[in-house]
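Along the sequence shown, the residues carry numbers beginning at 1.
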Amino acid sequence: MKLNTIQVDRVIEMAWEDRTTFEAIYFQFKLKEQDVIRLMRQEMKPSSFMMWRKRVQGRKTKHEKLRSFNEGRFKCSRQKQITQNSISKR
């Protein structure tokens, strides 16, 4: 699947988020974990990629099977509601 610039940016953003699973990225963009790693390596500076890999490796929240909760989704009480890629103020 060929991704445009906006989609690549969104995949990178999702990959950096602690609680966004690789399964969620696959569901939205059809990229497996190895594809995400390859994309991150390709799009980021080597030092940033190494920092991301160190951060993600072994993190339970990046894999649905390793998560401690199965229903619903985690949302911080301080998180603002996001609507169509823009933050809406309530």
Side-chain angles (χ1 to χ4, degrees):
M1 176 181 199
K2 182 77 172 154
L3 301 176
N4 63 36
T5 305
I6 294 169
Q7 291 171 322
V8 169
D9 288 345
R10 182 63 183 137
V11 170
I12 291 171
E13 181 181 357
M14 291 174 77
W16 269 103
E17 293 170 349
D18 289 339
R19 297 206 179 260
T20 302
T21 63
F22 286 115
E23 289 84 1
I25 295 171
Y26 179 79
F27 179 76
Q28 190 169 351
F29 295 100
K30 301 296 184 236
L31 294 175
K32 295 180 181 178
E33 181 179 353
Q34 284 299 329
D35 299 327
V36 173
I37 293 169
R38 194 174 302 115
L39 179 99
M40 297 292 276
R41 180 178 280 128
Q42 185 178 4
E43 295 293 326
M44 299 172 75
K45 296 186 299 186
S47 60
S48 297
F49 173 76
M50 294 301 288
M51 186 183 342
W52 174 77
R53 279 301 287 155
K54 184 177 179 183
R55 179 184 174 99
V56 170
Q57 215 160 17
R59 186 173 288 268
K60 290 182 180 181
T61 56
K62 292 304 280 185
H63 299 277
E64 280 186 14
K65 292 180 182 177
L66 300 176
R67 293 177 92 140
S68 61
F69 60 93
N70 294 327
E71 294 182 22
R73 79 184 247 291
F74 174 82
K75 184 174 179 182
C76 178
S77 61
R78 296 179 308 254
Q79 181 178 350
K80 294 185 181 186
Q81 185 169 345
I82 300 174
T83 307
Q84 296 177 352
N85 292 337
S86 64
I87 298 174
S88 62
K89 296 179 182 178
R90 284 189 157 182

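Annotation: the span from N4 atom CG to R10 atom CZ amounts to 13.5 Å, rounded to 0.5 Å. In this structure, CZ on R41 lies 7.5 Å from CZ on R53, to the nearest 0.5 angstrom. Remark: M14 CE to T21 OG1 distance equals 7.5 Å, nearest 0.5 Å. Rounded to the nearest 0.5 angstrom, K32 NZ and R38 CZ are separated by 10.5 Å. Going from atom CD1 of I37 over to atom CG of L31 covers 11.5 Å, rounded to the nearest 0.5 Å.
Between W16 and R55, some side-chain heavy-atom pair lies under the 4.5 Å cut-off. Residues Y26 and D35 form no side-chain contact, since every pair of their non-hydrogen atoms from C-beta on lies 4.5 Å or further apart.
Under a 3.5 Å cut-off, the side chain of W52 and the backbone N or O of A15 do form a donor-acceptor pair. Between the side chain of Q57 and the backbone N or O of K54, no donor-acceptor pair lies under 3.5 Å.
Geometrically, K45 does not engage F49 in a cation-pi contact defined by less than 6.0 Å to the ring centre and at most 45° from the axis.
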